[in-house]
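Heads up: the structure comes next, in structure tokens.
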Number of protein chains: 4
Amino acid sequence: MSPTTTTVKRERRKEARPGELLDAALSIFVAKGFAATRVEEVAARAGVSKGTLFLYFPSKEELFKAVVRENIAGRFPEWNDELTQFEGDSFSLLAYVMHAWWQRIGMTEASGITKLVMSEAGQFPEIAGFYQQEVIEPSHALLKRILQRGIDRGELRPLNMEYAVYSLIAPMIFLLTWKHAMAPCCPPSQTIDPLGFIDTQVDLLFNGMRAQPAADAPSSPSST
Amino acid sequence: MSPTTTTVKRERRKEARPGELLDAALSIFVAKGFAATRVEEVAARAGVSKGTLFLYFPSKEELFKAVVRENIAGRFPEWNDELTQFEGDSFSLLAYVMHAWWQRIGMTEASGITKLVMSEAGQFPEIAGFYQQEVIEPSHALLKRILQRGIDRGELRPLNMEYAVYSLIAPMIFLLTWKHAMAPCCPPSQTIDPLGFIDTQVDLLFNGMRAQPAADAPSSPSST
Amino acid sequence: MSPTTTTVKRERRKEARPGELLDAALSIFVAKGFAATRVEEVAARAGVSKGTLFLYFPSKEELFKAVVRENIAGRFPEWNDELTQFEGDSFSLLAYVMHAWWQRIGMTEASGITKLVMSEAGQFPEIAGFYQQEVIEPSHALLKRILQRGIDRGELRPLNMEYAVYSLIAPMIFLLTWKHAMAPCCPPSQTIDPLGFIDTQVDLLFNGMRAQPAADAPSSPSST
Amino acid sequence: MSPTTTTVKRERRKEARPGELLDAALSIFVAKGFAATRVEEVAARAGVSKGTLFLYFPSKEELFKAVVRENIAGRFPEWNDELTQFEGDSFSLLAYVMHAWWQRIGMTEASGITKLVMSEAGQFPEIAGFYQQEVIEPSHALLKRILQRGIDRGELRPLNMEYAVYSLIAPMIFLLTWKHAMAPCCPPSQTIDPLGFIDTQVDLLFNGMRAQPAADAPSSPSST
DNA sequence: CATGAATGAGCCTTCATTCAT
DNA sequence: GATGAATGAAGGCTCATTCAT
């Protein structure tokens, strides 16, 4: 029925396959988005056939979820630990966290995942829901712990927790969006230096969040 | 008065076609994104046939560009004028601008356009380039004028213009992203109140940007 | 994007298409069964492209349902009318009905449909359910009317209606099964002459069903 | 007694493999049909790997043929003997044979084989031919012997042997078809009680077949 | 002999674009 | 100008079969 005309080299590497596929998938998902990624291309980049991919992941969607788990969702425990062990003032901690995020996510391919989810959530609600649960909520929890620690230590003034978290997240989301969407079309003059931008943001934000040393110093017009 | 005034709406006047198509396209592009929008659906909503759409716009991509021109790119002159006439301090101006943006873009269907471009720029570089030229650059120019005005008036300290602009834009981009991507999957507890968030941001940012009347914290007017 | 290399002849025959597709589908479904039929082959036989088929029928399954409606289900009203107008005794009516069935269904391509449904019902429960509703139930109703008429006229003895209906159906189902499954492999000596077989069945069945003029076996008028 | 008797089931003796595969295949073919059966599932049920199955059977089709050979062909001698020894009138014999068929084939898994062959013969003519020779012909021979016995004993009137045989087979084929195809979709009201149906058939058929006690009793209109 | 990882042809369905009417 | 019927390439997923280990 199906005469295999070309002799194919078949390597048996069961252990290695999932990882290779995940790597390939990460790259291609990030480059093309979820809908535009063809599973065949992922398989090809991993050096296997289309069928092989489905041996390890039952669907494109599950493949994507696995990529998310591998690259982001699975790393929160480690980050939580790191956080718990941090010693130092809140300003340093915030700066540290945001730098670390940039180093580990923002500047890596993994950043494309978040961008992708933000882009295609509307078309793939299940993915959006998954990301919400496995990434967004843990992130928020982690940031809230940081803020609460600052408040408890008297370094941050009492804050509307939700807004504060979003204030921290917003520049990151922006950075990702910009990097993946507009940067490739940007004239060099408008290129953003991410670390510089992050520092600026941390500065601005911390300025607005920190506990005021003197009670009568209305440092923000609206706070009066 | 004269019967000629009501010749209108014979069957559906030809001159109106492009506008109707543009309106339909806006709604559907925003709701579904560029790739997921079917031209047939746009045509149907405009009450014409698929073939007719291609009579006015040579391709889906050109249709989209026309939508962008119609809804965003064409409105900068008006906004520039408004700005020029504004009287008041920089804090008020910034707050005004950001509220105005929310009223006119952020909370309207037009916001979806920006979200869409950010989402699909990677797949459609020509759209990204087009948007960069026709929307991003004018926006930046406008914001820079505002900041420059503040510096000139001594209300803002000298700033890294690029960072500052991005600091203003970031929360807006974030708001759009969140609204269109995650909000539909968010538990109510995490819902963002846009105006509250904007106020918070303006506050934080202005705090960090404004010129310090005195070297240190107490900025009370009486000390001047 | 998609340069049409070959110039294709495009005929616009909206009115004719569904019928042509239905005819093509009937032939191929009957020849290959539901699962083994490829929509592309149906389209090709109808002289159109694959896409065109989906213009008229939203799925392979709906195509099949349309075939059933066109060739069987849609014809019950006509048959019911015919029945109502029949004048004559029950034996003649039964014989007539079974001959008519053979002429209009059994010996035509349409017979393959019933065979197909019996064969693949297990794999396609929705098709089975559809057939049950649109064909089986009307058939049963029609046959019950015939039997009831016979009872009312005193020509048939009171019967277990269900068994009686199945007794009428069984030889038809058998005939179909045999024709489509075994006949092609049968030695000529075992070939069934359908009309002869049907007559035999009608005879046997009527014999068992008819009202007995006398209570027991010797039914000779003289003995009364 | 001696330890050698229990060498059995070392790991799972090689000679038993084909039989285990055949058993597994029977169940699954019957449950799902030929096309819908996955060889992997057969292998899994037999407790071996997919590759092993192909070691014993070169293709799915050959596996199926082996199943047919294994399960139906070998039992006719036994049934013939039983027949020969039967003492009693033809009505009892017919009733006995048909009940026995139901007990031994109709209500067991083996019935699925016949149904399956009827269903897929069209796609696999070789299977159909094989079945014709190994099952159909012996069955017919057996039934003809029964009928001949009845004629010889003066209990049955002279019959067209072929038609009469098919009259006996038809309800059985129908029963199988219905059981495997439509019963799962049937409303309970239409459920067939197989034994009741068989009794009804035997009754009807015998009524039509038996020798007439009185020569002048036209028990069937057409027989005059 | 057994295994099970790997293959790849095959199939249904979608949709931007074309073009005969 | 309009129309909308027609096209055909593309893509996710299945599964019988192969073959390196």
Side-chain angles (χ1 to χ4, degrees), chain A residues 1-17 35-43 47-61 63, chain B residues 11-12 14 17 35-44 48-56 58-61 63, chain C residues 1-17 35-41 43 47-61 63, chain D residues 11-12 14 17 35-44 48-61 63:
Chain A
M1 295 270 179
S2 55
T4 317
T5 38
T6 53
T7 304
V8 202
K9 214 172 66 180
R10 289 181 169 192
E11 289 184 79
R12 294 166 65 87
R13 322 219 344 265
K14 189 188 181 183
E15 304 308 317
R17 290 296 186 227
T37 288
R38 276 168 296 131
V39 291
E40 187 158 26
E41 194 180 350
V42 172
V48 301
S49 73
K50 205 178 356 176
T52 301
L53 187 153
F54 285 96
L55 228 46
Y56 293 96
F57 304 95
S59 72
K60 189 181 176 183
E61 199 165 304
L63 172 64
Chain B
E11 301 179 301
R12 201 190 305 97
K14 293 173 183 179
R17 289 280 164 74
T37 288
R38 276 170 297 135
V39 291
E40 184 157 30
E41 196 180 350
V42 172
V48 301
S49 73
K50 212 180 348 178
T52 303
L53 186 153
F54 281 94
L55 225 50
Y56 290 100
S59 73
K60 192 180 172 183
E61 199 166 307
L63 171 65
Chain C
M1 294 272 176
S2 56
T4 316
T5 38
T6 53
T7 304
V8 201
K9 214 174 65 178
R10 289 183 169 192
E11 289 184 78
R12 294 165 65 86
R13 325 226 335 272
K14 190 189 181 183
E15 303 309 316
R17 289 296 185 229
T37 289
R38 275 167 298 133
V39 292
E40 187 158 27
E41 194 180 350
V48 301
S49 73
K50 208 176 359 176
T52 301
L53 188 154
F54 284 94
L55 228 46
Y56 294 96
F57 304 96
S59 72
K60 188 183 176 181
E61 199 165 303
L63 172 63
Chain D
E11 301 179 302
R12 203 191 302 100
K14 292 173 184 180
R17 288 281 164 74
T37 288
R38 274 169 299 133
V39 292
E40 185 157 30
E41 195 179 351
V42 173
V48 302
S49 73
K50 209 175 0 174
T52 302
L53 186 154
F54 281 93
L55 226 48
Y56 291 99
F57 305 94
S59 73
K60 190 181 174 184
E61 194 167 318
L63 171 65

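Keep in mind that what you see is a predicted model, and the values were worked out from it rather than measured.
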Problem set entry | For D:Thr52, all residues meeting side-chain hydrogen bond (donor to acceptor under 3.5 Å, both in side chains), sequence neighbours excluded | D:Ser49
Exercise. For C:Ala36, which residues count as a side chain to side chain contact (heavy atoms under 4.5 Å, CB included) partner, sequence neighbours excluded?
Worked result: C:Lys32, D:Gln123
Exercise. Can you find a side chain N or O atom of C:Tyr56 that sits less than 4.0 Å from OP1 or OP2 on F:dA5?
Worked result: no
For this session: Could you please name the option among E:dA6, F:dA16, E:dT17 that lies closest to any side-chain atom of D:Val39?
Result: F:dA16
Exercise. Taking atom C1' of E:dT14 as reference, at what distance in whole Å does atom CG of C:Leu53 sit?
Worked result: 14 Å
Exercise. Taking atom C1' of E:dG8 as reference, at what distance in whole Å does atom CD of A:Glu41 sit?
Worked result: 18 Å
Problem set entry | Residues forming a side chain to side chain contact (heavy atoms under 4.5 Å, CB included) with D:Ala35, sequence neighbours excluded | D:Glu120
For this session: Nearest-nucleotide wise, let me know which of B:Gly51 and C:Phe54 is further upstream toward the 5' end of DNA chain E.
Result: C:Phe54
For this session: Could you work out the separation of E:dC1 and F:dT21 based on their C1' atoms and round it to a whole Å?
Result: 13 Å
Problem set entry | Minimum heavy-atom distance between C:Pro58 and C:Phe54, given as atom pair plus value | O-CD2, 3.7 Å
Exercise. Which whole-number value in Å describes the distance from C:Leu55 CG to F:dG4 C1'?
Worked result: 9 Å
For this session: Report the residues that fulfil side chain to side chain contact (heavy atoms under 4.5 Å, CB included) with A:Glu40, sequence neighbours left out, ordered by chain and then residue number.
Result: A:Lys50
Exercise. Looking at F:dT17, E:dT3, E:dC15, which one has an atom nearest to any side-chain atom of D:Val48?
Worked result: E:dT3
Exercise. For DNA chain F, whose closest nucleotide is more 5', that of D:Lys60 or that of B:Thr52?
Worked result: B:Thr52
Exercise. Under a 3.5 Å cut-off on both pairing distances, which runs of 3 or more consecutive Watson-Crick or G-U pairs involve DNA chain E?
Worked result: E:2-21 with F:2-21
Problem set entry | Selection from E:dT13, E:dG8, F:dG4 that lies nearest to any side-chain heavy atom of A:Ser49 | E:dG8
Problem set entry | Donor-acceptor pair (no angle test) under 3.5 Å: A:Lys50 side chain, E:dG10 base | yes
Problem set entry | Gap between atoms CG and P, on B:Leu63 and E:dT17 respectively (whole Å) | 10 Å
Exercise. Starting at CD of D:Glu40 and ending at C1' of E:dA2, how long is that distance when rounded to a whole Å?
Worked result: 15 Å
Seminar exercise, completed: d(A:Leu53 CG, A:Lys60 NZ) to nearest 0.5 Å is 11.0 Å
